[in-house]
Each structure stands twice: as C-alpha cells, then as structure tokens.
K.L.:
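Encoded as structure tokens, here's the structure I'll be asking about.
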Amino acid sequence: MSIAVPVRAPRWVSRRRIFEQHLADLHKCKNLVHIKQVFAQILKSDLHSDLQVAAKLVSAFSLCHQMGLAIKVFDLIEEPNTHLYNTLIGAHVRNSQASQAFATFLRMQSSGLPADNFTYPFLLKACSGKSCLPLVQTIHSQVEKFGFRADIFVPNSLIDTYYRCGPLGVFGARKLFSMMVVRDTVSWNTMISGLVKVGELNEARRLFDEMPVKDAISWNTILDGHVKAGDMNAAFELFEKMPERNVVSWSTMVSGYCKVGELDMARMMFDNMPVKSVVPWTIMISGYAQKGLAKEAIMLYDQMEEAGLIIDHGTVISILAACAESGLLGLGMKVHTSVQRTGLTCNTLVLNALIDMYAKCGSLDKALSIFGGMPEKDVVSWNIMIQGLAVHRHAEKALELYDRMKQEKFEPDGVTFIGVLCACTHAGFIDQGLDHFLEMGRDFGIVPQIEHYGCVVDLLGRGGRLKEAFGLIQSMPVEPNAVIWGTLLGACRVHNDSEMAAEVLDRLVKLEKSDSGNFSTLSNISSAAGDWDGAASARFQMRSSGIKKPPGASSIDVDDEIHEFTAFDTSHTESDGIYQVVATLRMDLEEVR
DNA sequence: CTAGGGTTAG
C-alpha cells in the first residue's frame, strides 16, 4: 500500500533554480538590494572565484554606481582574464571614471594580458573632447599594429571617437574611413552623424548621397543635420522624400519646429504622428514649457499621463529644465509628483533637475530639502545648490555650502566657481572672491575660462573697482568677448563713470555692432553724469547704426499664466493697477529707509 | 560603434 504524495520538487531544487536564474541575469540587474543578496549566496556557494560570475557582479555593481564593491569583487580574483579586465574598464567608463579606466588598462598590460577587440571600444568611450585627440591617435596606432581593424566594431568606434574630439578629429576619422576596405552601414552612419556633430553639413550630405544602401538611421541623421542647421524648409523637403518615417523622424521634425519657435507647426507634426513614444511627448511639452506656455504644457502633460505613458528620466529632466528656464513652478511640481509615483526618486540626475527647477522658480526651501535628502550627491548637485543660493542673494549660505562640499571631499569644478564668485559679487565680498579665484587654479588646477573672468570683472566692477576690472580684461590670457565688455559697461552705469563707459563701448561695438542696449546704457550713464553731449552722441550712434532689438523682459507665473514685463511697459491689461501697487511699494521702501 | 527628448555656468 502506498500513500499518495503530491509530486513536488524539494524546496532546495527550486531555490537553486531561482539562484541560477538570478545569476544568469545578474549583469543587467539594477536593484542593489537584490544584487547584494545574490552576492551573499555567491560567497556562500564559493562561486566568487569564478571568472564569469565575477564579471557579472562587476557589471551589476557598476550599474548601481557601486564602484567600490565592483573593485572589491575584482580583487577577489587572483588571476583575472582579459574579459574580466574589459568588464572593469567598461564599469569605470560607465561611471565616468576615465582615468581609472585607463589605469585598469595599464594594469592589465603590465600583468602581461593582451588587449582584445573588446578592450578598445571601451577605452574609446572614455575619450571625449579635443584634449583626448592624442590619446585617440595612440589607441588608433595600437589598433593598427595589432590588427584589430579586422573587427568592424573597432574602427567604427574609432571613427565615432575621432568626431567626439571635435573638428580636430575630422581628419583622422576621414583618413581611417577612406582606408577601410570593409565598411558596413554603421561605418557610413557614424561618419555622417560625426560630420553633422561638428557642423559639416555639406560634407555629411555628400557622404549621404554617396552611401550605397541607406537605412532609417542614415535618413534620420541627415534630417537632424538640417534641423540642427535651423533650416526647417530643407528638413521638411527631406522628410517628404524619405522612403520610411519612423518615430525618430517625426520627433526630429517636432523638435526642430519647437527650436525655431514654430510651435503650431510642431504641434501639427505631433498630432499627425502615427505612433508616439514618450520622447515626442517630452519634446512637445518641453517646447511649450520653454516658451512659457504653461497652460498648453500642462494640458499636454495631463494628456500624456492619461494616455498611460510611462515617463522616464529623460522626460523628467527635459521638462524640468524647461520649467526652470521659464519659471513654470506649477508644471514643475506636477512633474515632481509623477517622479514620486514612478520611483525615479533615487536618480541623481532627476533630483538635480528638480533642485534646479525649485531653485530657479524661487522655492529655495524645497530645493534645499531635496538636496539634503539626496542619497547620492554629485558635483552637479552641489553646483546647482550653490548657484541657487547665490542668485537669490543668500551669499553666506552659498559660501557655507561650498565649504561643506570640500569637507565632504567633493572636488569643485569650473562651474562650482561660477557660483562661488557669483555669491561673492552679490555680497560685495570682493577680496574673498579674488581669493577664491586664485584658489581655483592653485588648489584644483582649474584653468579659468572666459566665464570666470567675466565673474571677476563683475565682482570688481560692481564693487566700484573699475580700473582693476579694466586692467584684468587687458591682462587676461583669453580674448575678451562682448559679454565681458558688457559686464564692465554695466558696472560703469552703476557707478556713473561715463568716461570709462565711452571707452568700453568703443571696444564693445567692434565686437557686437547690433546691440542697441549698449548705446542706451551709455546714453543713460552720460545723462546721469550730466554729460548731455555724450548722451546725445550715444543716441545718435544708436540710430545711425539702424539697430532695433527687443528689450529684455521679466516674467512671472501667476496661476499657470505667464505675464511678461519690460521697462516702462504699459501693454498689460492690468497695467494701471500694477503701477499703483509699484508706487505703493516704492513708498513703503522709502519709509523703511 | 550609428538616429529623436536630457541636470549646473555664459
């Protein structure tokens, strides 16, 4: 007699199967808690010295930006092979640790392991900017020497990297492409997109026409070339001629019309799209938001959510950036709510965009509280917060934050100092600002860019040290641009120095003939100083140059409606009431004095 | 390795 027992695998079998499943997908896993659990099981099963398993763990940890753990796993292996080295190099590159990637590469070479055809594309990905060109050339010659050009992946990736070095890389890319016996569609497309990237549209077009078999990417790339050149007529012509139009083609057109400000055309394209992904929705909403069309942007955002589309970080960052630019707090808060709902709240880029949006829209408390609760801050987070405090005249707090940043061992970059100098300017801490300017190069090896000189000119100029500012402009190693002279001109206005203003304007018109604002500034300074001849002469120069430029406007978001104002503006429907309030405020201010 | 949206400054 037998007893019926339900047929069921023992618990340990299914557990083991689950473990194996987890192991198989480990390298794509982004859930840190889960990875750590699997890691614990791996250690228990003594699998950590398995080269395959170790590589998967390194990948998984690098996806979660846990490079410390990735390196720990790597170091458990006594004799790593090329594949494991490649994985660690790729992990560093993914976390934008270019120098560590190259250090790992050198370590691999000194351990006697040869690089393979996977190593080079990883290393190349770490190269970007014109300073990398010599490095790319070195890698290129190694590739030639060891015959890795045979793998089409490698030369394709080299071409792409040459173009990421900017216009200086064009020569190398062209030469390599011309020497390639075997070219695939990707080789051609990489060339075309590279030429578009460096602004050589005609050359890109020539290659496109020459290309034997074009695919959708080729067409979309050259379409984007015309869009980037701002030529929507040419883009439209091409769009009509395309053999097939996919979501990317339509999105490129929508984005192009948004960029040239033709929102109606953009909307028409958007409405006509046969299939929409989250990207065109993002483009259209950001397009509205950038132009300050809050109602349209919000309506479309609601429609997108109703349509059940899942927003991603791209959506959030793009829309928030537009909100920050135009001061659309209402839409920004809506996006914040969606972020909390979709669990994007631990994404550093998303949080940075949120902080910036709140700061730019004037909600510093909100910005500070998100900043304080961030699990993983990066340099950009600090920069945004410092800048946000600085422009809202919380100079001391901005500088305190800068000190805290250094205490917490974050390395300030060039942008950090823009915020720091801005804070010093607003607070009138001239000498402290100059100290920070020196600190920048001395302690952090940052070469001052023209923007930094602009900040220092502003710092000195607003503080009334006009002569020093003038001297700095003449002695700085970069050629002064219109922004620099314009900054000094503004300082001349504040301090009513019509003599220097005339001198500055002289240099300014050489650089920027078409800005009427400069002339009116001089005219204002001259009249304020009682120099009526100077004022008249400035007005005459302005008229004779035939310049007309719309004045800069301020805007404010009231119940999702954007109101714009210029100086002495009477066009608003509530204009009379507004000026009454202004008059009252002015009287109140006089009293406080 | 190639196509559309994407955080900080000016």
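Labels below follow one simple rule: chain letters A, B, ... track the order of the sequence lines, proteins then strands, and each chain is numbered from 1. Only this structure's heavy atoms are used, side chains among them; waters, hydrogens and symmetry mates stay out.
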K.L.:
Categorize A:Glu451 for me: base, sugar-phosphate, or nothing, with a 4.0 angstrom heavy-atom threshold over every strand shown.
P.N.:
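Contact class for A:Glu451: base.
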
K.L.:
Which residues pass the salt bridge (charged side-chain N to carboxylate O under 4.0 Å, His left out) test with A:Arg393, not counting sequence neighbours?
P.N.:
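Result, salt bridge (charged side-chain N to carboxylate O under 4.0 Å, His left out) vs A:Arg393: none returned.
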
K.L.:
Just to be sure I understand the rule, does A:Pro155 reach a base, reach only the sugar-phosphate, or reach nothing, if contact means heavy atoms closer than 4.0 Å?
P.N.:
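No contact.
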
K.L.:
Under 4.0 Å between any heavy atoms, over every strand shown, what does A:Lys276 touch: base, sugar-phosphate, or nothing? Just pick one.
P.N.:
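Touches nothing.
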
K.L.:
Using a 4.0 Å heavy-atom cut-off, does A:Asp184 contact any base of the nucleic acid, only the sugar-phosphate backbone, or nothing at all?
P.N.:
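A:Asp184: no heavy atom of the nucleic acid under 4.0 Å.
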
K.L.:
Please tell me whether A:Phe236 and A:His226 form a close aromatic pair, meaning their ring centres lie under 6.0 Å apart.
P.N.:
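Centroid separation for A:Phe236 and A:His226: 6.0 Å or greater.
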
K.L.:
Classify the nucleic acid contact of A:Thr416 as base, sugar-phosphate or nothing, counting any heavy atom under 4.0 Å across all strands shown.
P.N.:
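Nothing, no nucleic acid heavy atom in range.
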
K.L.:
Across the strands shown, which category fits A:Asp312 at heavy-atom distances under 4.0 angstrom: base, sugar-phosphate, nothing?
P.N.:
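Here A:Asp312 touches the bases of the nucleic acid.
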
K.L.:
Using a 4.0 Å heavy-atom cut-off across all strands, classify A:Ser157 as base, sugar-phosphate, or nothing.
P.N.:
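Touches sugar-phosphate only.
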
K.L.:
Just the endpoints, please: which first and last nucleotides of DNA chain B, 5' to 3', lie under 4.0 Å from a heavy atom of chain A?
P.N.:
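Listing 5' to 3', DNA chain B meets chain A from B:dC1 to B:dG10.
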
K.L.:
By the 4.0 Å heavy-atom rule, please label A:Ser286 as base, sugar-phosphate, or nothing.
P.N.:
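The residue A:Ser286 makes no contact with any strand.
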
K.L.:
Taking all non-hydrogen atoms of both residues, which atom of A:Pro480 and which atom of A:Ile450 are closest, and how far apart?
P.N.:
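Looking at all heavy atoms of both residues, the shortest contact is CA-CD1, 4.1 Å.
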
K.L.:
According to side-chain hydrogen bond (donor to acceptor under 3.5 Å, both in side chains), does anything in residues 212-225 of chain A pair up with another residue at least two apart or in another chain? List the pairs.
P.N.:
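Residue pairs with at least one partner in residues 212-225 of chain A: A:Asn189-A:Asp215, A:Asn189-A:Ser218, A:Asp215-A:Ser218, A:Asn220-A:Asn246, A:Asn220-A:Ser249, A:Asp224-A:Lys228.
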
K.L.:
For A:Gly454, answer base if it contacts any base atom (sugar-phosphate contacts may also be present), sugar-phosphate if it contacts only those atoms, and nothing otherwise; contact means non-hydrogen atoms under 4.0 Å.
P.N.:
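Touches nothing.
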
K.L.:
Have a look at A:Lys360 and say if it touches a base, only the backbone sugar-phosphate, or nothing, with a 4.0 Å heavy-atom cut-off.
P.N.:
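Answer is sugar-phosphate: A:Lys360 comes under 4.0 Å of backbone atoms only.
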
K.L.:
Pick from A:Tyr257, A:Trp281, A:Trp250, A:Tyr288: which one makes a ring-ring contact (aromatic ring centres under 6.0 Å, His included) with A:Phe270?
P.N.:
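The option that passes is A:Trp281.
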
K.L.:
Which part of the nucleic acid does A:Ser318 contact within heavy-atom distance under 4.0 Å: base, sugar-phosphate only, or nothing?
P.N.:
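A:Ser318: backbone/sugar contact only, no base atoms under 4.0 Å.
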
K.L.:
Pick base, sugar-phosphate or nothing for A:Val379, based on heavy-atom distances below 4.0 Å to the nucleic acid.
P.N.:
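No contact.
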
K.L.:
Measuring centre to centre across the rings, with the benzene-like ring taken for any Trp, is A:His92 within less than 6.0 Å of A:Phe102?
P.N.:
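No, the ring centres sit 6.0 Å or more apart.
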
K.L.:
Identify whether any heavy atom of A:His313 sits under 4.0 Å from a base atom; if not, whether one sits that close to sugar-phosphate; answer base, sugar-phosphate or nothing.
P.N.:
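Base, at least one base heavy atom under 4.0 Å.
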
K.L.:
Quick check on A:Phe171: does its CZ atom have over 12 non-hydrogen neighbours (other residues, nucleotides or ligands) under 6.0 Å away?
P.N.:
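No, the 6.0 Å shell around CZ holds no more than 12 heavy atoms from other groups.
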
